[in-house]
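Structure, as structure tokens:
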Amino acid sequence: MVIVQTEDFNAAELTAALRKRHAGQAGALVTFTGYVRDYTEGQGTHTLFLEHYPGMCEREITDICQQAIERWQVPEPTVVHRVGELHNGEQIVYVGVASAHRGDAFRACEFIIDALKTRAPFWKRETLASGERFWVQQRESDAEKTAQWAHDTPNNAKESS
Amino acid sequence: MVIVQTEDFNAAELTAALRKRHAGQAGALVTFTGYVRDYTEGQGTHTLFLEHYPGMCEREITDICQQAIERWQVPEPTVVHRVGELHNGEQIVYVGVASAHRGDAFRACEFIIDALKTRAPFWKRETLASGERFWVQQRESDAEKTAQWAHDTPNNAKESS
Amino acid sequence: MSGTAINVLYFAQVAELTGTRLESWPLAEPVSGAQWLEQLEARYPQLAPAQRLKLAVNQFHVKHSVVINPGDEVAVFEPVTGG
Amino acid sequence: MSGTAINVLYFAQVAELTGTRLESWPLAEPVSGAQWLEQLEARYPQLAPAQRLKLAVNQFHVKHSVVINPGDEVAVFEPVTGG
């Protein structure tokens, strides 16, 4: 399930719905939640504006989830990403993955958020308390993480269940 | 925060409390929830009884959390583990880890649940629908996973943020 | 798809610099992504160097070696920063 | 701690096999974990082979090479299966 929306989401409800979809199969459930934080140290992020490419966003995230399903033993994950204006401390993104094998749930969940950060067409604009505005730059570490997933073999990725 | 209790827990409330404890510091939050599932394929687990060693349990889990805090950039995690009689589909364990770096949150959360499974003194007794009872055996894969954490260096454990 | 133009979408900082988010761009013959980015920079010098920008064609990420055909939907943007 | 006995705690399957969960076990002199497990098996043959069992002394996991002293709290159990 992939949703891009302006409204806030209830992580507990998303988790409950994910459980319901995969009842009985999954003894392990891993979630990732991302929040707006003080990106610029000491400056205090006032607001964050998230722009996106409708259509391509949903397609890319769905494709990322499909890759996770093919690579690990996980049923369909849940990804919800917000767009529009967000404030300090608010939720931005939720990734929920169920599995019969906890290692698979951890791996798939991290793969999805790593891939989302370098592939899904979202852009963050930050507005500081001072009124200064700028577009957030992609972090090199994010690109490196995504590249790493391509090289990870079952051995060094701890993919065993 | 480490709690061992017979009552069910509300994962959403635990996550909210964890957020509150570390407000502002943490843009990433990873949770693991374990559920009672059909351990014996085709047999249908009727009930699971969890016995524990009071005192030592809390001490071991607290020590595991402390190791995670020393190894990764994570503030104090939340671990809740249930004991007593549990039924199919019920929650057994919750591990919540916040961090400024999502990689650290994933690593610490998985380390904690892996270590808990081989170090925390809990024992599961399963009762099948047929009335047959037996004590669950530790899985070799769990012991192997815990051993692996001792060998993982920052390079191959993907510990970079 | 066919036609004698492409639909161009600008996002985020690129949209701020071009002052538009969507425009029809006349294109009669196929052109490589790199060549098209040269044309884009000629039209919007404020985007220079345009070769640093990312492209998506018909909603898929593509390399600059891609062939853009008349009728395509072409998106131009800086590296994504979601999540 | 001191005394002339240890407190022994049995858990899970071990407790079912011994039929008790807690007992005071006379011990005047220090003894290794492995030696004590031999005594345990002599008393409860149904635990054989007792050397497969795990020990905790004063609520810490220990190897069988540990020295058990009078006054210690000694727990005996099979590998843990929580989580």
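Every chain is numbered from 1 and lettered A, B, ... according to where its sequence line falls, protein lines coming before strand lines. When reading the values below, keep in mind they use all heavy atoms of this one structure, side chains included, and skip hydrogens, waters and symmetry mates.
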Side-chain donor-acceptor pair present, Ser32(C), Gln35(C), cut-off under 3.5 Å: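 Distance-only check passes for Ser32(C) and Gln35(C).
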
Short side-chain donor-acceptor distance under 3.5 Å, Thr47(A) and Arg125(A):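 No.
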
Any Lys/Arg nitrogen of [X] or [Y] sitting under 4.0 Å from an Asp/Glu carboxylate oxygen of the other?
X         : Y         : value
Arg82(A)  : Glu7(A)   : no
Asp142(A) : Arg139(A) : yes
Arg71(A)  : Asp104(A) : no

Centroid separation Tyr53(A) to Trp123(A) less than 6.0 Å: no

Best-contacting candidate, Arg59(A), His52(A), His81(A), against chain C by heavy atom pairs under 4.5 angstrom: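 Winner by heavy-atom pair count: Arg59(A).
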
Residues of residues 36-56 of chain C contacting chain A, heavy-atom criterion under 4.5 Å, by residue number: Ala56(C)

Those residues of residues 16-30 of chain C, ordered by number, that approach chain A below 4.5 Å (heavy atom to heavy atom): Glu16(C), Arg21(C)

Side chains of Leu9(C) and Phe77(C) in contact at under 4.5 Å (non-hydrogen atoms):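 Side chain of Leu9(C) against side chain of Phe77(C), heavy atoms only: no contact under 4.5 Å found.
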
side-chain contact (heavy atoms from CB on, under 4.5 Å) against Ala28(A), all qualifying residues, sequence neighbours excluded: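 So Ala28(A) forms a side-chain contact (heavy atoms from CB on, under 4.5 Å) with Arg102(A), Phe32(B).
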
With Ala143(A) via side-chain contact (heavy atoms from CB on, under 4.5 Å) - residues at least two apart: Gln138(A)

Within 6.0 angstrom of Glu70(A) CD, more than 12 heavy atoms from elsewhere: yes

Per-residue contact mode, Glu60(A) against chain C (heavy atom under 4.5 angstrom):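 For Glu60(A), the contact with chain C is made by the side chain alone.
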
